[in-house]
**Q** 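What follows is a single structure, and I will ask about it in a moment.
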Amino acid sequence: MPELPEVETVRRGLEPALVGKRLERVETRRKDLRFPLPQDMAVRLTGRSVTALGRRAKYLLIHLSEEPAGGAETLLCHLGMSGSFRVEEGVTGAFHHPRSVAPRHDHVVLETADGTRVTYNDPRRFGFMDLVPTARLDENPHLCALGPEPVGNTPLAPHLARLFGGKRAPLKAALLDQKGIAGLGNIYVCEALHRAGLSPRRGAGTLVGANGRATARLERLEEAIRAVIADAIAAGGSSLRDHRQTDGALGYFQHAFRAYDREGQACPTPGCGGTITRIVQSGRSTFYCPACQR
DNA sequence: AACACCCCCTGTCGGC
DNA sequence: TGCCGACAGGGGGTGT
């Protein structure tokens with residue numbers, strides 16, 4: 001599920017459920033996801049209040065109130081490939097699943113004082129969580145090397161020009177690197193490249209001029225990235241397989257895909273007449289139109 | 001340094 | 001029906 005638009009959708013869905021609430025009961029149903037959960041995570045979270053929900057790239061940031069003994073901390077969550085949160089209201093005093101009958105792959109449960117239950121489910125367990133001092137969030141190894149967000153005012157093309165200059169790696173691979181534009185994944189890279197009319201096979205360095213500045217193509221790519229991310233957030237993200245938003249609703253951006261998962265179908269570019277093709281780059285599927293993406 | 005490859009894990013789907 | 005391989009929204013680690 002989770003590239004930037006999906007994580008942003010999760011953040012917005014969890015906001016009313018968690019912000020301003022005290023965590024009354026916290027349960028970790030296993031010791032690790034991809035990495036070990038933070039030491040004593042349940043104990044350290046219980047009794048704290050959620051002050052705000054943030055997002056950095058594909059990371060969800062659950063900001064917590066200060067505890068008497070120390071400063072504020074943030075629970076940093078990455079959803080990996082298959083992580084999701086669901087919200088259930090009014091569970092105060094409700095039956096609490098024993099481990100044996102809990103829905104499969106429910107790994108972390110947060111219950112607030114007003115009877116809201118937020119459950120993290122992740123079949124593949126590629127997700128992970130970390131509990132870090134809020135004041136030093138920027139120094140966290142997961143966050144410190146991330147590139148700029150594709151939402152907001154930071155210009156992207158100059159940053160990409162510095163990064164892509166001289167690179168022979170395919171554009172597709174270069175854009176998946178989170179040091180470039182943070183938050184893009186396989187779907188939105190394919191979609192942005194299609195909108196920009198750029199081939200995923202083109203060398204990343206070909207978008208940089210001899211003067212080291214962004215070319216017109218790179219400027220076009222920036223606009224395509226911004227547009228596809230904004231459109232996807234507005235649509236509530238993409239729902240592949242059974243992924244749901246926190247309230248159970250489906251995102252609907254998958255209906256707006258122009259290239260991703262459309263192998264063999266007609267290219268939607270007006271007047272193109274090409275066919276969407278699937279290739280494999282660094283072990284992952286790339287979908288593009290060889291006719292209009294050059 | 002840059003890049004290709006493998007791995008983590010579970011579930012689903014298509015082909016035989 | 002069942003078995004088997006391919007594949008899935010990510011990214012960290014290793015080897016060349």
Side-chain angles (χ1 to χ4, degrees), chain A residues 1-11 29-37 55-60 76-85 102-107 120-130 140-147 150 162-193 200-205 208 228-229 232-233 235-245 250-257 259-264 278-287:
Chain A
M1 161 212 127
E3 303 180 34
L4 187 155
E6 290 75 34
V7 179
E8 178 59 23
T9 301
V10 168
R11 191 194 69 75
R29 290 175 171 261
R30 50 180 304 135
K31 288 195 293 290
D32 57 77
L33 298 172
R34 174 169 185 175
F35 305 119
L37 287 171
R55 180 193 56 72
R56 176 73 174 101
K58 303 173 192 174
Y59 292 86
L60 177 71
L76 181 148
C77 306
H78 195 293
L79 310 191
M81 294 274 267
S82 59
S84 64
F85 284 93
R104 276 172 76 72
H105 310 306
D106 281 358
H107 304 311
Y120 179 70
N121 181 285
D122 187 354
R124 294 179 74 179
R125 302 202 304 278
F126 285 176
F128 55 90
M129 297 186 183
D130 201 0
N140 185 273
H142 294 115
L143 304 183
C144 64
L146 293 173
R162 278 192 300 278
L163 217 61
F164 286 0
K167 261 200 201 293
R168 301 160 57 98
L171 196 45
K172 164 77 184 307
L175 284 173
L176 283 176
D177 184 344
Q178 300 297 297
K179 291 194 289 295
I181 308 303
L184 300 182
N186 207 30
I187 291 177
Y188 297 109
V189 167
C190 290
E191 291 299 303
L193 288 172
R201 310 172 64 161
R202 168 191 280 276
V208 182
V228 74
I229 293 296
I233 291 174
S238 305
S239 294
L240 273 54
R241 299 174 190 77
D242 59 352
H243 171 65
R244 305 280 169 139
Q245 299 180 34
L250 294 168
Y252 50 89
F253 191 72
Q254 66 279 9
H255 303 303
F257 288 168
Y260 185 83
D261 207 19
R262 299 192 69 242
E263 182 180 19
R278 175 182 174 272
I279 60 173
V280 175
Q281 293 180 293
S282 34
R284 307 184 66 187
S285 290
T286 297
F287 299 89

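Heavy atoms only: backbone and side chains are in, while hydrogens, waters and symmetry mates are out. Chain letters run A, B, ... following the sequence lines, proteins first and then strands; every chain starts at 1.
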**Q** Please list, one pair per line, the donor and acceptor atoms closer than 3.5 Å that link side chains of residues 162-175 of chain A to other protein atoms, with sequence neighbours excluded.
**A**
| from | atom 1 | to | atom 2 | distance (Å) |
| --- | --- | --- | --- | --- |
| A/Lys172 | NZ | A/Asn186 | OD1 | 2.8 |
| A/Lys172 | NZ | A/Ser285 | O | 3.3 |
| A/Lys172 | NZ | A/Thr286 | OG1 | 2.7 |

**Q** Roughly how many Å is it from NZ in A/Lys179 to C1' in C/dG10, rounded to a whole number?
**A**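 Those two atoms, NZ and C1', are 14 Å apart.
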
**Q** Pick the P atom in B/dC13 and in C/dG9, then give their distance to the nearest Å.
**A**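 That atom pair is separated by 15 Å.
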
**Q** Roughly how many Å is it from CZ in A/Phe257 to C1' in C/dA8, rounded to a whole number?
**A**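 A/Phe257 atom CZ is separated from C/dA8 atom C1' by 13 Å.
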
**Q** I'd like to know if the side chain of A/Asn121 reaches the main chain of A/His105, judged simply by a donor and an acceptor atom lying under 3.5 Å from each other, with no hydrogens or angles considered.
**A**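 It does hold such a pair.
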
**Q** Please confirm whether the shortest side-chain N or O distance from A/Ser82 to OP1 or OP2 of B/dC9 is below 4.0 Å.
**A**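 No, no such contact exists.
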
**Q** So do the side chains of A/Ser238 and A/Tyr188 get within less than 4.5 Å of each other, counting heavy atoms only?
**A**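 When only atoms from C-beta onward are counted, A/Tyr188 and A/Ser238 do touch, with a gap below 4.5 Å.
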
**Q** For A/His105 and A/Arg34, take the nucleotide of DNA chain B holding the closest heavy atom to each; which residue's nucleotide lies nearer the 5' end?
**A**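 Mapping each residue to its closest nucleotide by heavy atoms, the 5'-most match is A/Arg34.
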
**Q** Taking the six-membered ring for Trp, are A/Tyr59 and A/His142 parallel (under 30°), tilted (30 to 60°) or perpendicular (over 60°)?
**A**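 The arrangement is tilted - the two ring planes meet at 30° to 60°.
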
**Q** Rounded to whole angstroms, how far apart are CG on A/Asn140 and P on C/dG11?
**A**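 It works out to 14 Å between those atoms.
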
**Q** Are the ring of A/Phe126 and the base ring of B/dC8 both nearer than 5.5 Å at their centres and tilted by less than 30°?
**A**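 So yes, this residue stacks on that base, both cut-offs being met.
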
**Q** For A/Gly185, which contact category applies under a 4.0 Å heavy-atom criterion: base, sugar-phosphate, or nothing?
**A**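 Sugar-phosphate, no base atom in range.
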
**Q** Can you tell which of B/dC3, B/dC9, C/dG9 lies closest to the side chain of A/Arg124?
**A**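 Taking heavy atoms from C-beta onward, the closest nucleotide is B/dC9.
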
**Q** Using a heavy-atom cut-off of 4.0 Å across all strands, would you classify A/Arg125 as base, sugar-phosphate, or nothing?
**A**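 If one applies the 4.0 Å heavy-atom cut-off, A/Arg125 turns out to touch the sugar-phosphate alone, with no base involved.
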
**Q** Per the atom types in the model, does the base of B/dA2 pair as donor or acceptor with the side chain of A/Arg168 at under 3.5 Å?
**A**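 Looking at the base of B/dA2, it does not pair with any donor or acceptor on the side chain of A/Arg168 (distance under 3.5 Å).
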
**Q** For A/Tyr260 and C/dG9, is the shortest distance between a side-chain N/O and OP1 or OP2 below 4.0 Å?
**A**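 For A/Tyr260, the contact criterion (side-chain N or O under 4.0 Å from OP1 or OP2 of C/dG9) is met.
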
**Q** Are any of A/Gln178's side-chain N or O atoms less than 4.0 Å away from OP1 or OP2 of C/dG10?
**A**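 Result: no.
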
**Q** With under 30° as parallel and over 60° as perpendicular, where do the rings of A/Phe287 and A/Tyr260 fit, or are they tilted in between?
**A**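 Perpendicular: the ring planes of A/Phe287 and A/Tyr260 meet at over 60°.
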
**Q** Tell me if the CZ atom of A/Arg201 is crowded by more than 12 foreign heavy atoms within 6.0 Å.
**A**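 Result for CZ/A/Arg201: open.
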
**Q** Tell me the closest heavy-atom pair linking A/Leu176 and A/Val189, and the distance in Å.
**A**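 Where A/Leu176 meets A/Val189 most closely, the heavy atoms are CD2-CG2, 3.8 Å.
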
**Q** With no hydrogens and no angle check, is any side-chain donor or acceptor of A/Glu6 less than 3.5 Å from a backbone partner on A/Gly237?
**A**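 No, because the side chain of A/Glu6 does not come within donor-acceptor range (under 3.5 Å) of the backbone of A/Gly237.
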
**Q** Look at the side-chain N and O atoms of A/Lys167 and state whether any lies under 4.0 Å from the OP1 or OP2 oxygen of B/dA1.
**A**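 For B/dA1, OP1/OP2 do not have a side-chain N/O of A/Lys167 under 4.0 Å.
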
**Q** Has A/Lys58 got a side-chain N or O lying under 4.0 Å from the OP1 or OP2 atom of C/dG10?
**A**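 Checking C/dG10 against A/Lys58, a side-chain N or O does come within under 4.0 Å of OP1 or OP2.
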
**Q** Strictly below 4.0 Å: does A/Arg104 bring a side-chain N or O up to OP1 or OP2 of B/dG11?
**A**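 Yes.
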
**Q** Side chain of A/His78, heavy atoms from C-beta onward: which of C/dG10, B/dC3, C/dC7 has the nearest atom to it?
**A**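 Closest nucleotide to the A/His78 side chain: C/dG10.
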
**Q** Rounded to whole Å, please give me the gap between CG in A/Asn186 and C1' in C/dC7.
**A**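 One finds 12 Å between C1' of C/dC7 and CG of A/Asn186, rounded.
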
**Q** Could you state the CG-P distance from A/Asp177 to C/dG11, rounded to the nearest angstrom?
**A**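 Atom CG in A/Asp177 sits about 10 Å away from atom P in C/dG11.
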
**Q** Please report the distance, rounded to the nearest Å, between CD in A/Gln281 and P in B/dC5.
**A**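 Nearest whole value for this atom pair: 12 Å.
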
**Q** Looking only at atom P, what distance separates C/dG13 and B/dC9, rounded to whole Å?
**A**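 Each nucleotide's P atom is 15 Å from the other's.
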
**Q** Counting Watson-Crick and G-U wobble pairs with both distances under 3.5 Å, what is the dot-bracket string for DNA chain B, 5' to 3', using [ ] for crossing pairs and | for pairs to another strand?
**A** .|||||||.|||||||

**Q** C/dC7 P sits how many Å from A/Ile187 CD1, rounded?
**A**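 Answer to the nearest Å: 17 Å.
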
**Q** Can you tell me if A/Arg284 touches the phosphate of C/dC7, counting only side-chain N or O atoms and a distance under 4.0 Å to OP1 or OP2?
**A**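 No, no such contact exists.
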
